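Since the structure comes first, as structure tokens, the remarks are kept for the end.
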Amino acid sequence: MTEIQKVYEPQAVEEKWYSFWLAENCFAGNPARVSAKRPAYSIVIPPPNVTGVLTLGHVLNNTIQDILARKARMDGKEVLWLPGTDHAGIATQTAVEKTLKKQGEIKHRDDLGRERFLEKVWEWKGRYGGIIIQQLKKLGASCDWSRERFTMDPHYNQCVQAVFFDLYKKGLIYRGKRMVNWCPASRTALSDEEVEMKEQKGFLYYFRVEVREKPGTWLTIATTRPETIPGDTALAVNPKDPRYAGLVGLHAVRPLPVEMPLEERLIPIVADEHVDFEFGTGVLKVTPAHDKADFEIGARHQLPVVDVMNQDGTMNVLAGATLAGLDRFVARKKAAEQLTELGVLEKEEPYTNNVGFSERAGVPVEPRLSEQWFLRYPSREKSLECVVNETLRFHPARWAKVYEHWMTGLQDWCISRQLWWGHRIPVWIKTAGPSETAEGWTQRLAAEFPASATELVVRASGQELHAATVHPEVQQKLSAEGWVQDSDVLDTWFSSWLWPFATMGWPENTETLKAFYPTTDLVTGPDIIFFWVARMIMAGYEYMGEMPFKNVYFTGIIRDKQGRKMSKSLGNSPDPLEIIGKFGADALRFGVMRSAPLGQDVIYDEQNVELGRNFCNKLWNACRFRQMQGGDTEGEINPAYLTGDDRWILLRLDQAVQEVSAALADYRFNEAAASLYRFFWSEYCDWYIEASKAALASTDTERRASTVAVIDFVLGHVVRLFHPFLPFITEELWHGLGYSRDLPPDQGGKSIMYAPWPKPFTAEEKAYFGLDDAVDRRSSSKYELVTLGRNLKAQFGMPSNKRVKFILRAAGEIAPIDVEVVRILVNAETLEVVGSGWTTPKGVPSAANAFGELFLPLTGLIDVASERTRLAKELEKIATEVGKVRDKLANPEFAQKVPAKVLAEHEQRLADWLAKEKQVHSALANLPEA
RNA sequence: GGGCGAGUGGCGCAGCGGUUAGCGCAGCUGCCUUACACGCAGUUGGUCGGGGGUUCGAAUCCCUCCUCGCCCACCA
């Protein structure tokens, strides 16, 4: 540290080191360096939306990835953390469209047309596309930026097309007219996963219809959607329902549209198992065009399908003159009014039911019959199996169940979207003319383009011919011949699912793929387990023959203090960049990680970041303290000079190294952070540094040098252990303290990120430094006695800075250095050491433990009565505990059944309490008469 | 309706068969003791959601109930 400031100021330090890392190419993952001795470690980033901005969710997610990547580098692995962004079809298109509308440029995207609109989106991407990447850099993310990918890169587009083509060829992709989830706001189909069920308050409308063949016979029907009545093409009852047994096969008169001739409003009454006769009246109106279940009933009974709605959710002419043109929700009310006017509405009751919402647009989806592309998922068995048998591990493991459940009930995936921003479907369509056949076209094109044989499939589909091809010349030819390319694009996730290998150069078998696929860890939120994780696994097996990652770590969701999800609309989502500006990136990282238990939601509280900031400052100052001591950097530790405190801190360090390594291996980041925090703050700073001041003040230069060497040893470990969490400050300290000095560049000489991860001591090292349990116990009990001594002062109302005289009667031999340590720690003016023969003067408060006895001679200043009360209270507590242990031991069954070890423990505990009781008794007896 | 997760001092968490139930924050009381007031020392709070059971022994295992959160599910 060139400049020693009292307070750590992160901004300049962060700038400096991030530029340094980039300039030195520290983040590059190089397949050529991978070997048996240097194994590969890889992560692909969950690509954020290209036009997105950093949220706390990203902070959590990417900090975890960065910790994993940095730890792996320190473990000597060749690390590739591959970054990039996602084109995010609907989200981006809607955002751009909205902005253009707001700016008054257009009313609808149709005003621009496909080409010009796409130009605008690319323009937008150019303007805002880099923001989130820059923000990730501020966080300290150690991605290999030279490999940044975008899901609409030309190469990536080729991958998507190739995969589409391949699946089409395999017959897994098909086109069909089916019920899909239609979003009237975005005017596109959605997959089932993009639909969110929400409770909706509405009404259940009861209306009646007359049976044509039995005038005077009326049936009452309950529905939540009266506006779809004009689309009803049947009534259905359960075949087992005795109430309606005689009516099946007859007809009812549909009330709407009113202007329609009665004969055209006759609909059959059919019997279908699907009808629940407990619900409503047991009579179901069947609207095949606007309900998935109804569609199926319709199919079973060959009912006509009458679509009464437009793409945008307004009613069309088939809904009748009154409803036509109205929005579906307005039409609902209007239809109810019409029923009232007709006198057939019996009642409306308030009713709450589940309605599917488009998760992007936030409006109810409309089940709608339309022509779409579907995918029957490939490689399903392997994908299910690998998670079930834990070849691919989920952390926490419970998500495996969720995955299993979904994989078991897999439905085909609707992959086409009626959008413009995305990968256009590589299929050309033509209405088949007379004598035109798929075979004919295949032969013709194959003759003209011999190389196209494996890149072209022509199929007949009803009246149409479909030519799927990834061959550019064939594509041109088809256009020239009057074929028209399908105007739909693919679901964004149809490109994202290729991410782990498409970003590494697939379909070529690149060096990168060979070295880094499958990736090691994937870090993502459980909310995209189906959207992304599951699909990547299937794509991985299908195209690489192997799983895409070995581990998936599912983060929690970031919530605010009140436990609410962070959201823009609630305004409870703080800007991470502002937080970084205020507290520093390390502070944010540490604050978030400390409060992020494995797989548990994270409550975000700025206080945690403040704590992180304070922690960095503490670390800074502890290193500053070291620097003020001068002396050689990382000198030799001479075992002959090690104090009890030195040995104790080395033992505790060893413990911390083990704890942190184990926690990180299990993805228990918060525990790793907590271990480090505790070790560094409570053990190293609060006890060791203070105790070491005795040795540092020593005139014995050897002793002093040895302690400085211990400090360097511990700090050198501490900064490395912290580096994955706090990359910036640790880099600064690593160089500032000169720990990088004698190391080769690839082992920490250049950057701490290549310094080896600390290892626990070997048995030999422990023996060499004389580290054993006895050392630990003795120092611990020394510190415990210090605490008791401090308590004495506090109890007698002495300010902690008041330097008084203490007397110590040690339980055994005591080294002179320890006397000085105790003196400093209790902040005594003098500490007089007396022998066991020393008699206690009357009225001197004392405290004792295994280490010895401390006396605080106050020469008559103490309040005898309150001291008596205090000791009496203490005795009371001891008596309770003694009682508890005695009762246990007295229980014959206890002695019989309990393991010997536990029995011994209890006996020891009793002895300890009794000893303590004796001490308190004598202290009490020692009080002067009142 | 099914599945999952969580209920421990004011707040956030740890402990998951045997400890005097821990930790951090906040609170309170002293302190600017020359690394750090983004700090130091000391300290008040809980009997572990309710009930039942297993056990020599339960916050920890089992059963049941309650509360909260998430996911899945075509009852109109």
Side-chain angles (χ1 to χ4, degrees), chain A residues 4 6-8 179 197 204 221-225 228 236 274-276 278-281 283-287 291-296 351 353-354 356 367 396 398-399 401-402 405-406 409 526-527 529-530 556-557 559 561 563 583 587 594-595 597 599-603 605 607-608 610-629 670-671 674 677-678 681-682 685-686 689-690 693 787 790-791 793-795 797-803 824-827 877-878 880-881 884-885 888 891-899 901-903 905-906 909 912-913:
Chain A
I4 305 181
K6 258 187 157 182
V7 173
Y8 171 59
M179 275 318 247
M197 297 307 278
L204 197 52
I221 304 160
T223 180
T224 53
R225 305 200 61 187
T228 63
H274 172 264
V275 181
D276 175 358
E278 305 271 299
F279 188 91
T281 59
V283 185
L284 173 68
K285 70 188 225 12
V286 183
T287 326
D291 185 279
K292 210 176 163 193
D294 289 9
F295 179 75
E296 282 158 20
Y351 185 69
N353 65 340
N354 280 328
R398 65 187 146 87
W399 291 109
K401 269 194 193 171
V402 176
H405 182 249
W406 187 76
D527 48 332
I529 187 167
F530 310 136
I557 294 166
R559 298 175 177 280
K561 268 190 268 188
F583 298 103
R594 238 181 64 97
S595 50
Q600 214 80 9
D601 287 354
V602 182
I603 310 286
D605 186 342
Q607 265 190 4
N608 285 320
E610 207 176 318
L611 184 112
R613 190 263 322 254
N614 295 354
F615 185 82
C616 289
N617 193 243
K618 187 77 176 174
L619 184 59
W620 181 258
N621 276 288
C623 292
R624 204 159 74 94
F625 175 75
R626 156 63 189 97
Q627 211 180 37
M628 292 166 102
Q629 304 313 316
N670 67 319
E671 289 179 41
Y677 184 94
R678 181 194 44 74
W681 202 306
S682 311
C685 292
D686 290 349
I689 289 196
E690 294 309 318
K693 286 175 181 170
T787 301
R790 288 168 175 169
N791 282 344
K793 275 173 76 175
Q795 270 147 15
M798 263 180 266
S800 57
N801 67 333
K802 179 152 174 129
R803 299 207 151 187
I824 290 173
L825 292 178
V826 294
N827 195 24
K877 196 200 161 167
I878 292 171
T880 318
E881 294 304 330
K884 274 202 241 175
V885 189
K888 273 196 181 181
N891 185 338
E893 284 192 279
F894 179 79
Q896 269 169 30
K897 296 187 180 174
V898 106
K901 198 182 138 208
V902 175
L903 187 64
E905 262 170 35
H906 281 257
R909 202 186 305 160
D912 290 347
W913 281 119

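Just so you know, these numbers come straight off a predicted model, no measurement behind them. Order of the sequence lines fixes the chain letters, A, B, ..., with proteins taken first and strands second; residue numbering starts at 1 for each chain.
Between A:Lys6 and A:Asn617, the shortest heavy-atom distance links the atoms O-ND2, 3.8 Å.
OP1 or OP2 of B:A35 lies within a sub-4.0 Å distance of a side-chain N or O belonging to A:Lys693. Regarding contacts with the backbone of B:G42, a side-chain N or O of A:Arg790 is found under 4.0 angstrom from either OP1 or OP2. For A:Arg909 and B:U20, the shortest distance from a side-chain N or O to OP1 or OP2 is below 4.0 Å. Contact annotation: A:Lys888 side-chain N/O to B:G57 OP1/OP2 distance is not under 4.0 Å. Within the structure, a side-chain polar atom (N or O) of A:Asn791 is placed less than 4.0 Å from OP1 or OP2 of B:U43. Using a 4.0 Å cut-off, some side-chain N or O of A:Trp681 falls inside it from OP1 or OP2 of B:C40. Phosphate proximity of B:G2 to A:Lys401: absent, as no side-chain N or O sits under 4.0 Å from OP1 or OP2.
Taking the P atom of each, B:G50 and B:C75 are spaced 37 Å apart, rounded to whole Å. Rounded to whole Å, the C1' atom of B:U47 lies 14 Å from the corresponding atom of B:G15. A distance of about 23 Å separates the C1' atoms of B:C31 and B:G45, rounded to the whole Å. A distance of about 27 Å separates the C1' atoms of B:G18 and B:A6, rounded to the whole Å. Nucleotides B:G49 and B:A59, compared at atom C1', are 12 Å apart to the nearest Å. The C1' atoms of B:G46 and B:A14 are separated by 14 Å, rounded to the nearest whole Å. Taking the C1' atom of each, B:G9 and B:G1 are spaced 38 Å apart, rounded to whole Å. Of the P atoms belonging to B:U60 and B:G53, the separation is 14 Å, rounded to the nearest Å.
For A:His274, the side-chain contact (heavy atoms from CB on, under 4.5 Å) criterion is met by A:Asp272, A:Leu284, A:Ala293, A:Ile297, A:Arg300, not counting sequence neighbours. In this structure, the side-chain contact (heavy atoms from CB on, under 4.5 Å) partners of A:Ala222, at least two apart in sequence or on a different chain, are A:Leu204, A:Tyr206. With sequence neighbours left out, A:Glu296 forms a salt bridge (Lys or Arg N to Asp or Glu O under 4.0 Å) with no residue at all. For A:Arg626, the side-chain contact (heavy atoms from CB on, under 4.5 Å) partners at least two apart in sequence or on another chain are A:Gln629, A:Val708, A:Ile711, A:Asp712, A:Leu715, A:Leu737, A:Tyr739. With sequence neighbours excluded, the residues forming a side chain to side chain donor-acceptor pair (under 3.5 Å) with A:Arg678 are A:Glu659, A:Glu683, listed by chain and number. By the salt bridge (Lys or Arg N to Asp or Glu O under 4.0 Å) test, A:Arg225 pairs with A:Glu227, A:Glu366, sequence neighbours left out. Under the side chain to side chain donor-acceptor pair (under 3.5 Å) criterion, A:Thr228 pairs with A:Lys285, sequence neighbours left out. Scored by the salt bridge (Lys or Arg N to Asp or Glu O under 4.0 Å) test, A:Glu893 finds A:Lys897 as partners (sequence neighbours excluded). Residues meeting the salt bridge (Lys or Arg N to Asp or Glu O under 4.0 Å) test with A:Glu881, sequence neighbours left out: A:Lys884.
One interatomic measurement links the two molecules: NZ of A:Lys618 to P of B:C25, which rounds to 11 Å at whole-angstrom precision. In this structure, the NZ atom of A:Lys793 is 14 Å from the P atom of B:U43, given to the nearest Å. Taking atom CZ on A:Arg803 and atom C1' on B:U34, their separation rounds to 11 Å, with Å as the unit. The distance from atom CD of A:Glu671 to atom P of B:C13 is 14 Å, rounded to the nearest whole Å. As rounded to whole Å, 9 Å separates atom C1' of B:C13 from atom CG of A:Asn670. When rounded to the nearest whole Å, the span between CD of A:Glu610 and P of B:A37 equals 15 Å. Going from atom CD of A:Glu690 over to atom C1' of B:G42 covers 15 Å, rounded to whole Å. Between A:Gln629 atom CD and B:C36 atom P there is a gap of 12 Å when expressed in whole angstrom units.
Proximity note for A:Ala794 (side chain, C-beta onward) versus B:A35, B:G42, B:U20: the nearest is B:G42. Of the candidate nucleotides B:G24, B:A35, B:U33, B:U33 has the atom nearest to the side chain of A:Asn827. With B:G24, B:C36, B:A41 as the choices, the nucleotide that has an atom nearest any side-chain atom of A:Asn617 turns out to be B:C36. Taking every side-chain heavy atom of A:Lys6 into account, B:A37 is the closest of B:C38, B:C25, B:A37. If you check B:G5, B:U20, B:C25 against the side chain of A:Gln607, the one that comes closest is B:C25.
Helical stems in RNA chain B, defined as runs of 3 or more consecutive Watson-Crick or G-U wobble pairs with both donor-acceptor distances under 3.5 Å, are listed by first residue as B:1-7 with B:66-72, B:10-13 with B:22-25, B:27-31 with B:39-43, B:49-53 with B:61-65.
Nearest-nucleotide mapping onto RNA chain B: of A:Asn891 and A:Asp605, the residue sitting toward the 5' end is A:Asp605.
Although no hydrogens or angles enter the test, the distance criterion places no donor-acceptor pair under 3.5 Å between the side chain of A:Asn621 and the main chain of A:Val7.
When heavy atoms are screened at a 4.0 angstrom cut-off, A:Thr787 is found touching the sugar-phosphate backbone but no base atom. At a threshold of 4.0 angstrom between heavy atoms, the contacts of A:Cys616 with the nucleic acid are absent. At a threshold of 4.0 angstrom between heavy atoms, the contacts of A:Pro892 with the nucleic acid are absent.
Residue A:Arg398 places no side-chain atom within donor-acceptor reach of the base of B:C4, judged by atom type and a 3.5 Å distance cut-off alone. With hydrogens and angles ignored, no donor-acceptor pair under 3.5 angstrom links the side chain of A:Lys884 to the base of B:U20.
Counting heavy atoms from C-beta on, the side chains of A:Ile557 and A:Asp527 never come closer than 4.5 Å. In this structure, A:Lys793 and A:Asn827 have side chains that are in contact, with non-hydrogen atoms separated by less than 4.5 Å.
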Enumerate the protein-to-nucleotides 28-30 of chain B contacts in which both atoms are nitrogen or oxygen and the separation is below 3.5 Å.
residue	atom	partner	partner atom	Å
B:G30	N2	A:Ser800	OG	3.1

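Note on ring orientation: taking the six-membered ring where Trp is involved, the planes of A:Trp681 and A:Phe615 are tilted (angle from 30° to 60°). In this structure, A:Trp406 and A:Phe530 have parallel ring planes: the angle between them is below the 30° cut-off, well short of the 60° mark.
In this structure B:G15 sits in the anti conformation; its chi angle is more than 90° from 0.
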**Asked** In B/S/- notation, 5' to 3', how is nucleotides 68-76 of chain B contacted by protein heavy atoms closer than 4.0 Å?
**Response** -S--SBBBB
